[in-house]
Amino acid sequence: MIWGKDAIFKALGDSTRRLILDELSERNELTLYELTIRLITKHNLSITRQAIAKYLFVLEDAGLVKSKRKGKYRVLIFNNEPLKNLLKGWIE
């Protein structure tokens with residue numbers, strides 16, 4: 001799958017979205033609730049789940065975050081493939 005460079009750079013251009021990716025890369029899978037709690041407690045962000053959902057939309061659009069159903073929960077997963085593909089042409 002090929003992700004757009006512009007969408008990836010747009011997603012990485014915001015510090016809150018980068019924090020979300022940091023948290024998702026640190027923990028393999030997080031629910032929206034778990035992610036919200038981590039952002040509030042670890043990073044002292046004053047943010048709602050609804051606001052995080054908007055950030056996640058941009059990250060999912062860029063292919064950097066995937067989600068899947070696990071029981072009654074939606075689990076968020078960091079996908080580093082778009083970053084690997086983006087950098088492959090520049091580093092190799």
Side-chain angles (χ1 to χ4, degrees):
M1 182 173 210
I2 297 179
W3 294 275
K5 289 180 183 179
D6 290 339
I8 294 169
F9 283 117
K10 176 185 175 187
L12 295 174
D14 181 83
S15 61
T16 302
R17 287 193 290 263
R18 290 192 305 271
L19 283 176
I20 290 170
L21 290 179
D22 288 344
E23 289 301 322
L24 291 175
S25 68
E26 190 175 303
R27 303 270 313 259
N28 196 24
E29 298 178 348
L30 290 172
T31 64
L32 180 57
Y33 176 77
E34 292 169 329
L35 178 59
T36 304
I37 295 301
R38 289 179 69 86
L39 291 171
I40 291 171
T41 57
K42 281 182 66 179
H43 303 285
N44 297 319
L45 288 180
S46 177
I47 195 165
T48 64
R49 284 185 292 178
Q50 293 80 8
I52 293 172
K54 290 180 182 180
Y55 287 114
L56 287 170
F57 178 79
V58 175
L59 291 167
E60 286 180 299
D61 187 50
L64 296 170
V65 172
K66 293 181 180 180
S67 65
K68 67 178 181 180
R69 297 297 278 165
K70 202 171 197 178
K72 65 179 183 177
Y73 299 103
R74 178 177 162 226
V75 178
L76 305 164
I77 304 158
F78 175 57
N79 179 26
N80 64 5
E81 287 302 315
L83 294 175
K84 287 180 183 178
N85 292 335
L86 175 70
L87 297 176
K88 184 189 294 184
W90 290 340
I91 313 180
E92 292 180 353

Sequence neighbours left out, what passes side-chain contact (heavy atoms from CB on, under 4.5 Å) with [X]? Give chain and number order.
X   : answer
A51 : I47, T48
Y33 : T31, I37, R49
K84 : N80, E81

Quick one, [X] and [Y] - any side-chain contact, counting heavy atoms below 4.5 Å?
X   : Y   : result
N85 : K88 : yes
I77 : V65 : no
F9  : L86 : yes

**Asked** So if you build clusters from Ile, Leu, Val, Met, Phe, Trp, Tyr with side-chain heavy-atom gaps below 4.5 Å, do L19 and L21 land together?
**Response**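 Hydrophobic grouping puts L19 with L21.
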**Prompt:** Hey, is the main chain of Y55 close enough, under 3.5 Å, to the side chain of R17 for a donor-acceptor pair?
**Reply:**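 Looks like no, no N/O pair under 3.5 Å.
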**Request:** Answer yes or no: is there a donor N or O on one side and an acceptor on the other, between the side chain of N79 and the main chain of G63, under 3.5 Å?
**Result:**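 Yes; judged by distance alone, with no hydrogens or angles, the pair exists.
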Any idea which heavy atoms bring [X] and [Y] closest together, and the distance?
X   : Y   : result
L76 : S67 : CD2-CB, 4.1 Å
F78 : L83 : CZ-CD1, 4.1 Å
K72 : R69 : O-NH2, 3.5 Å
A62 : A7  : CB-O, 3.4 Å

**Message:** Going by side chain to side chain donor-acceptor pair (under 3.5 Å), name the pairs with one or both residues in residues 19-29, residues two or more places apart or in two chains.
**Reply:**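 Residue pairs with at least one partner in residues 19-29: E23-R38, E23-K42, E23-H43, E26-R38, E26-K42, E29-K68, E29-K70.
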**Prompt:** Salt bridge or not for K54 and E60, using N-O below 4.0 Å?
**Reply:**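 Salt bridge: no.
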**Item:** Qualifying residues under salt bridge (Lys or Arg N to Asp or Glu O under 4.0 Å), relative to R18, sequence neighbours excluded
**Value:**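 For R18 there are no salt bridge (Lys or Arg N to Asp or Glu O under 4.0 Å) partners, ignoring immediate neighbours.
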